Amino acid sequence: MSKYKVTQAPVSQLLADVKAERIAIPELQRPFVWDSVKVRDLMDSLYKGYPVGYLITWHSVGAKLKGGQVAAHQQILIDGQQRVTALRAAVAGLPVINKRYKSVRIRIAFNPVTEEFATLTPVIAKNPQWISDISDYFNASSPLSFVRQYLALNPDVDLPVIEQNLGKLDRIQHAQIGIIGLDDGLDVETVAEIFIRINSKGVPLSSADFAMSKIATYGERGRNLRKLIDYFCHLAVAPHAYDDIRENDRDFAHTDYFKSISWLKDDSEDLYDPAYGDMIRVAGIVGFGRGKAASLVSELSGRDPETKKVDESRIPAAYDKLESALGLIVNKFNFENFLLLIKSAGFIAPGMVSSKNALNFAYGLYLRLREQKDLSEGDRKRIVKRWFVMSMLTGRHSGSFESTWEQDIRRIKEQGAEQYLKQIEESELSDAFWSVTLPAALETTSTVSPFFQTFLAAQVTTGARGFLSKAITIAAMHQQSGDLHHIVPKNYLQRNGYPDRADYNQVANLALTETSINISIGSKPPTAYMSLLHEQINNGTLVLGEITDLGDLTRNLKENAVPVWLAEVDASNYQEFLTERRRLMAAMIRDYYRLL
């Protein structure tokens, strides 16, 4: 079986196929990425007969056209969206969507005398030698009348030159564009591999990209579902875009889809801002019980997961499942309660979560468990919190995670989430993990390490105060200004045998503290600044923070997993200090996890 076929089509035929929806361009509903200069350059290349690269299409089964008809041979354009959109704008004179989701025109001017293309400017518009908008020429009812009008405005031009150059301009409509059509029997992974090898820039094409393209082919409903995903993701990071979408996409603004995400206009939370790929993955978990984005494409194509054969009668039900899943994902109550759940586990700031996929799976799991009416809300939250933290500590959702997701979802179905989680904990979070593996993992300089961030989350949940702080908590420091302070100061270590940042920047040598305390410590070793602190406790004169009670100091050191013998630490026993603090940090994480 041939995996693809290569054809040539003139620009005019290509635009006609797009207009008739024989070729679907999912990107038409999204902001146009190219600027007008790139559109101008594309026109110049076609005018000069330069190659402009191949388009890549993939056959879509069961695509809906306007009026509800089902297309037998619709092709999804998976590479070349920007070029085709540029052609629609410049040649056909059709508007594009800008960053504010507003329809705008891109006008490309042409000078038949100098054979120059340019983005239309007020100066060019006033110069009769320029054709202000080449789409006026291409769409003129009579090219001859257009030429006569031009000559009337420019009586001194060389007529043969003008005729020749306008003839070359007209040939843009007939310029041949290469199209590589991929066979409909190819799976997503194979299509992606072919795309990468053909695409000259080597840009990867993800399964989520395919899913978004596939969704948009299902008529008005599909286009609206794709917009629901796009707009939700956009509003999550830019709530101010709500008015732009409402004003510039009025058809969508009148749908229930838009109403379901309108709450985001007042949202200021940034702990979890899913991108469209994240939405696709969560929808796969919630709607289809699948962990691979490619599986979602197969479902929407009507492919039976058992027989691997396409059955078009399955497609409507697949879109029903997708719409239902997306409705749950964008629901204000569900989304906000999930974020509260994650925050209750101590992860209160975006920088604390190094794995977006850990959030994705946890959200999908949370929504699936909400459908289990026999499960109490307390048990549901406990399972999701423990699963999320477990995945952070084990890296379960990093690397080649999709197969793991498939396995996890399958076993959760078979055993139940609580029992399967318990099985994972017994195998991966054993005593050896807490006493050996985790302390070793804390031997790092990476402050974004999931192990260090989980330690900070543990401090947040216990209400721990900053290092040597009397009242200000770790949680408050995350919200305001707080420094990651070197417990054994960097300058001191550099002068005393530890010039390498791999030594002084160990996370076991770091603690969140108030800026004023950090300044007071300066470059003093613990032996020196702890001596000052003990004098402060004895005489009540504040020189380093506000702690004036020995018992309170002891509690503060414990809250920060700092050895009680900190006052004895200097360069000579620095390594022993790091080893002991890693052990204490791991023990704090263990106790925190068991209390979730």
Side-chain angles (χ1 to χ4, degrees), residues 4 6-7 9-43 45-46 51-60 63 65 71 74-99 101-106 108 175 177-182 188 191-192 194-219 222-227 229-231 233-234 249 275-277 280 293 297:
Y4 67 93
V6 180
T7 58
V11 168
S12 58
Q13 182 61 53
L14 180 64
L15 294 180
D17 286 343
V18 171
K19 183 178 181 179
E21 296 190 351
R22 288 186 290 270
I23 296 178
I25 311 178
E27 298 296 325
L28 283 181
Q29 305 303 325
R30 307 180 86 184
F32 186 52
V33 176
W34 276 16
D35 58 26
S36 58
V37 174
K38 286 188 176 181
V39 179
R40 178 205 65 191
D41 291 346
L42 176 64
M43 293 301 104
S45 294
L46 288 169
V52 294
Y54 282 91
L55 308 178
I56 305 177
T57 64
W58 185 33
H59 183 223
S60 174
L65 306 182
Q74 189 184 45
Q75 301 288 325
I76 301 175
L77 188 63
I78 60 174
D79 185 37
Q81 294 97 328
Q82 299 299 311
R83 280 169 286 166
V84 174
T85 303
L87 288 171
R88 293 175 81 252
V91 176
L94 297 173
V96 299
I97 305 297
N98 69 7
K99 292 179 181 179
Y101 295 92
K102 185 176 182 180
S103 292
V104 296
R105 280 291 322 280
I106 294 179
I108 302 301
I177 304 290
I179 303 174
I180 299 174
L182 302 182
V188 171
V191 174
I194 293 173
F195 173 88
I196 291 170
R197 296 192 182 201
I198 295 175
N199 188 284
S200 60
K201 297 179 181 178
V203 178
L205 192 66
S206 71
S207 297
D209 293 321
F210 281 112
M212 291 291 280
S213 296
K214 181 63 184 175
I215 290 167
T217 66
Y218 198 65
R223 286 189 286 272
N224 280 335
L225 289 176
R226 174 167 176 149
K227 286 183 179 182
I229 297 171
D230 268 333
Y231 289 160
C233 296
H234 189 65
D249 193 350
Y276 70 85
I280 290 295
V297 178

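Just so it is clear, the structure is predicted and the values come from calculations on it, not from any experiment.
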Do the non-hydrogen side-chain atoms of [X] and [Y] ever get within less than 4.5 Å of each other?
| X | Y | result |
| --- | --- | --- |
| Val33 | Thr85 | no |
| Ile215 | Ile229 | yes |
| Leu55 | Ile23 | no |
| Arg83 | Leu87 | no |
| Met212 | Asp230 | yes |

TODO: Spell out, as yes or no, whether a donor-acceptor pair under 3.5 Å connects the side chain of Asp35 to the backbone of Lys38.
DONE: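 Checking the backbone N and O of Lys38 against the side chain of Asp35, a donor-acceptor pair under 3.5 Å is found.
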
List the atom of [X], the atom of [Y], and the distance in Å for their closest heavy-atom pair.
| X | Y | answer |
| --- | --- | --- |
| Ser213 | Ile76 | CB-CG2, 3.6 Å |
| Ser103 | Pro95 | CB-CB, 4.0 Å |
| Ala90 | Ile108 | CB-CG1, 4.1 Å |
| Val96 | Phe32 | CB-CB, 3.9 Å |
| Ala89 | Arg105 | O-NH2, 3.7 Å |
| Trp58 | Gln75 | C-OE1, 3.4 Å |

Open item on the list: Within this structure, what is the NZ-NE2 distance for the pair Lys99 and His234, rounded to the nearest 0.5 Å?
Closed with: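 Answer for the NZ-NE2 pair, Lys99 versus His234, is 10.0 Å.
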
